[in-house]
Protein chains: 2
Amino acid sequence: MILQMPRRRAVKRATRAGRTAVKPRVRLDTDERRAQLLSLAKASFSMRAYDDVSIDDLAREARISKGLLYHYFPTKRDLYVAGLREIADELVGAITSVPEHLAPIERVRAGLDAYLDHVTRVPQAFVSLMRGGIGSDPEVAAVIEGVRTRLFEQFLHGTPFAPVLAGNARFETAVRGWIGFVEYATIEWCVKPRLSREELRDLFTEILFAILGVVVPKG
Amino acid sequence: MILQMPRRRAVKRATRAGRTAVKPRVRLDTDERRAQLLSLAKASFSMRAYDDVSIDDLAREARISKGLLYHYFPTKRDLYVAGLREIADELVGAITSVPEHLAPIERVRAGLDAYLDHVTRVPQAFVSLMRGGIGSDPEVAAVIEGVRTRLFEQFLHGTPFAPVLAGNARFETAVRGWIGFVEYATIEWCVKPRLSREELRDLFTEILFAILGVVVPKG
DNA sequence: AGGCACTATTGAAACGGAGTCAATAGCGAC
DNA sequence: GTCGCTATTGACTCCGTTTCAATAGTGCCT
C-alpha cells in the first residue's frame, strides 16, 4: 500500500576537526576484512553459544555495520560454518605433518602428540568444534565428519594394515570407533584433565593397538 | 502513545449445524495434553533440526494455539529438553533391566543387546539425542552427559573391576572412552549399517575387554 | 582540479519466529 | 440456570536476522 519512498539521509555532521569524535569509516580490502571477520567469528563462537552471539554484537566488535557483515557472509550460519571450517583445517593440518619412516607405534604417538599439542593450544575452539555448535545442521555435521575421516586416514596410514584391511567393515568400524574414543576422551580431558598429556597419549596409543589386536586376523 | 484498546473479538459464527466447519475446541486434561505435546515434540525434533521446527508448526500439528503450547512449556527450548529427557530415559531404562548373576562377559553382551535393540527401534530419536540438537546448550549437554554416566555405571558393574579401580583416572578414562566409541560407532551404524547387530555387539564386547586388558593392572 | 567509475560501507526498514497476556469457552457443581 | 474453575485462544509485542537503495572513499583519466 505504502509506496516506496525516497530514503531520508542522515544530516551531515562536521567530519573534520569536529569536537565530537566521528567514527572514522575504515576501508579494508576484501581479503583483510574477510580475515578479520573470520577471526572474530572463531573467537566469539568459541566463547559463547551460537544463539548467544548476535550479528549486532559481531558488527559492533568489528566496528562495522551489520550490512557489511552480510556483504561478506550472506548468513549468520555461513559465517559460523566458515569459522568452523578454519578451526577444523587447523586441527587436521597440525597432525598431517608427522615424519614418515618411523615405526608404526612411533608414528601414532607422534601424531597424537601433534594432535594434543594443538588441542592444548586452542582448547575452547576444539571443544566447540567437536560439540558441534549447531546440532544436526548438515553442513556442520559434514565438517566434523570430515575431520574424523581425515584423522582416520592419518592414523590408518600409521599402521601396516591399511592396504590389507581397507574396506573391511569390522576393521574400519573399530578404527573409526577409536577416533570417537579419542575425541570424547579429549573433550573430557579439556574440561577436566585427570591425566598428563603424555599419559593420555600413551593410553590412546595402547588402546589403538589393543583394538587392532582384536580386529586384525592373527594379531 | 496509543492507549490500550479493548480487544476486538472475532465475530460470532454459527457454532452448531453451520455449514462452515468450525474447529471444535478440544479440551484435554493437563496430563493428556502434556503427553501429547511431548510425544509430538520428540517426533518433530527427531525428524528436523531444532531451528527448522517452529512453534507455529507444532501448534498447528497439535491442533492447538501457540498460547496453549506456551502454557505447558514456557519455552521452545524447555519443550525440546523435556522431549530429549524422555528419549534419554527410555534409552537408559532399556538396558538397566539386565539379569544379574551372569558372567561379566555375558552381562556386557546382554546389556549391549538391550541397547542395540532399543536403538534399532527408534534410530532417529537416538541419533538426534546423541548428536545433541542444540550444541553447547548446558541443559542438553547435561542430558547427554547423564546418559553416558549411567551407561558407564551400567557396564562398569558388569565387570569385576569396579570396586578395585573406581576413581582410577586411567581406568575411568578408558571405560568412558569406550562409551564414546560405542556411541559414535552406533550412530554410524544407524546411518549406514555395515555389520549385523550381532557382529556389532560382539565387536563392542571384545573391544571393551581388550581395553580392560590394557588398563587393568595385571590383565 | 574536477569529474568518473568502481567498490566498500552504511542505515533504515522488512521479515519472521519466539514469547506475552487479556479475553473467552467449555464443564462440573450447586 | 449461573457460578467458578481451568483449558484455551489469537492478536500483539519484541528482538534478531536479513535486505537493499543510497552513500562515501579512492584512485584514475583528462
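So that the names make sense, note that chain A is the first sequence line, chain B the second, and so on, each numbered from 1.
- Taking the six-membered ring where the residue is Trp, A:Phe45 and A:Tyr50 present parallel rings, their angle staying beneath 30° rather than reaching 60°.
- Residues B:Arg201 and B:Glu198 are not paired through a salt bridge, judged by the lack of any N-O separation under 4.0 Å between the basic side chain and the carboxylate.
- Atom CD1 of A:Ile64 is separated from atom P of D:dA24 by 18 Å (rounded to the nearest Å).
- The aromatic ring centroids of B:Trp178 and B:Phe155 lie less than 6.0 Å from each other.
- At the heavy-atom level, B:Ile55 lies under 4.0 Å from the strands shown only through sugar-phosphate atoms.
- Distance CG (A:Asp56) to C1' (C:dA13): 14 Å, rounded to an integer number of Å.
- Put simply, CG on B:Asp52 is 14 Å from C1' on C:dG16, counting in whole angstrom units.
- In this structure, CG of B:Leu68 is placed 17 Å from P of C:dC21, rounded to the nearest angstrom.
- Between A:Leu69 atom CG and D:dT19 atom P there is a gap of 12 Å when expressed in whole angstrom units.
- In this entry the distance linking CZ of B:Arg60 with P of D:dT9 reads 14 Å, nearest Å.
- Between B:Thr205 and B:Asp202, the side chains place no donor N or O within less than 3.5 Å of an acceptor N or O (distance only, hydrogens not considered).
- Salt-bridge annotation for B:Glu145 and B:Arg176: present, with a side-chain N of the basic residue lying under 4.0 Å from a carboxylate O of the acidic one.
- Looking at residues 27-35 of chain A, you'll see A:Arg27, A:Leu28, A:Thr30, A:Arg33 sit with a heavy atom under 4.0 Å from some atom of DNA chain C.
- When each of C:dT9, C:dA18, D:dT17 is scored by its nearest atom to the side-chain atoms of A:Ser65, the top-ranked nucleotide is C:dT9.
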Might you work through the side chain to side chain contact (heavy atoms under 4.5 Å, CB included) test for B:Val175 and B:Leu212, ending with a clear yes or no?
CA-CA 8 Å; B:Val175 178; B:Leu212 291 174; 4.1 Å; yes
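- Atoms OH (A:Tyr50) and C1' (D:dG16) sit 11 Å apart, rounded to a whole Å.
- Taking the six-membered ring for Trp and thresholds of 30 and 60 degrees, B:Phe181 and B:Phe204 have ring planes more than 60 degrees apart, a perpendicular arrangement.
- The shortest distance between the side-chain N/O atoms of B:Tyr72 and the OP1/OP2 oxygens of D:dT8 is below 4.0 Å.
- Residue B:Phe73 is out of contact with every strand shown, counting any heavy-atom pair closer than 4.0 Å.
- We find that NZ of A:Lys66 is positioned 8 Å from C1' of D:dT18, with the value rounded to whole Å.
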